[in-house]
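Counting convention: from 1, in listed order, for ligands and their atoms alike.
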Amino acid sequence: MNFEFDEEHRILRDAVREFAEKEIRPYGKEYDEKGEYPWDIFRKAAKLGYVGADIPEEYGGSEMDYLGCAIIAEEFTRADSSIGSAVLTASLGCPMVRYFGTEEQKENYLPLVVKGKTPSAIAITEPDAGSDVQAIKTRAERVEGGWKLNGTKTFITNGSISDWVVVLAKTDMSAGYRGISAFLVETDRDGYEARRIKKMGLNCHDTAEIYLKDLFVPENNLIGNENFGFYQLMRFFNESRVFVGAVQLGMAVGAYERALEYAKQRKAFGKPLIEHQAIQFKLADMWKDIEAARLLVYRAAWMIDSGKADPAFSSAAKLFASETAVRVTYEALQIFGGYGYSKEYDIERYYRDARVGTIYEGTSEIQRLIIARMLSGKLRF
Ligand SMILES: Cc1cc2nc3c(=O)[nH]c(=O)nc-3n(C[C@H](O)[C@H](O)[C@H](O)COP(=O)(O)OP(=O)(O)OC[C@H]3O[C@@H](n4cnc5c(N)ncnc54)[C@H](O)[C@@H]3O)c2cc1C
């Protein structure tokens, strides 16, 4: 067992860190206030192969392993919680196409994202169905030459800025999760409308409600097999949850490092904060939780790379890293005192941005349910 990066990953980490420090960190506050998607940073990151980095070279990607993707994610949100995650989530729609799409779909749609032309999206959640995916009501009916889609999707990352979105819809209304299929929907089709949603954090992310009204897609826009969308989604989550874990890990690291630096500079009762034991204990706990989260995220990434992806590990990585990010950003803000609550420092943004980690990509409660369901096979270590 080796707990150190090999040469390749170390070089990647250094290169990504250099990029993130120069191109992401200085602009966090500005983009948070503007509330605009960071198009120029997305394009620069794509040019260097950091967007959808695991996508094979034949579709324009860098063909990196999943540990490499986790390293990119951690460095991006370490530099800035909002811009970092906005750029990283540009590839959200890609895995469904990459794993289940036709050759034509892969060739036509994956390069658009990895080359920085457009972000992508995946639309699962609806106003009345979030955790309970099988309760979605968006419907795809067969019509001549293709499908007609009707329904509303909500909280869709990149929903109003992407050229294409993967939409999960019911193709058999009576079959529960066995009646769901995935469709590739180009957003310039008639019947596609999106409205941006205002949020507490991740202000430079595009998060949208999507309305599909008699939207026609041709037969060949079905992704994978009819009625297999739910199973495809489970495969998607196995990887995406590790990625989100890495995104949240980076936020925890970014907040911790800023708090550590502040604790060294700021004085109270005649000595730096860091010399007060109560502050030392906070920092010790933050550091310990970050190291534990990193082990889980890297292990889950390694399992994917080794062909041993395991839903319990993916869920555990996402669960622990996101709850760590929430705790660490809370304590970091506390260490900053009143300045933590002001817009002068980055910490209030990290605190707001990290909060969603225990909600999206499956809530903490759902991750615990998944882990609990897998426990019978994991009672022995
Ligand atoms: C910023 C942001 C970006 C998002 N991006 C996307 C995206 O790109 N695509 C997409 O499809 N969705 C996206 N979502 C939606 C997100 O995945 C859902 O919000 C999430 O899955 C929870 O669904 P819900 O909000 O409907 O909550 P609900 O499912 O209604 O849950 C409400 C509460 O009940 C709990 N709960 C539900 N069921 C159970 C149970 N069986 N046992 C115990 N507790 C339970 C939940 O954990 C939660 O605490 C995004 C959300 C946000 C906020």
* With Y345, the ring-ring contact (aromatic ring centres under 6.0 Å, His included) member among Y350, Y351, Y262 -> Y262
* F230 and ring-ring contact (aromatic ring centres under 6.0 Å, His included): which partner among F236, Y177, F237? -> Y177
* Structure fact -> Residue pairs meeting ring pair (Phe, Tyr, Trp, His ring centres under 6.0 Å), one or both in residues 78-107, sequence neighbours left out, come to none
* Anything under 30° is parallel, anything over 60° is perpendicular, the rest tilted; go ahead and classify H9 against F5. => tilted
* To do: Answer yes or no: does atom CZ of R195 have more than 12 heavy-atom neighbours from other residues, nucleotides or ligands under 6.0 Å?
  => yes
* For this output row, return yes or no: ring centroids of Y339 and F336 closer than 6.0 angstrom. => no
* Using a 4.0 angstrom limit on heavy atoms, which residues are close to ligand 1? -> L92, I122, A123, I124, T125, G130, S131, F155, I156, T157, K199, V356, I359, Y360, E361, T363, E365, L369
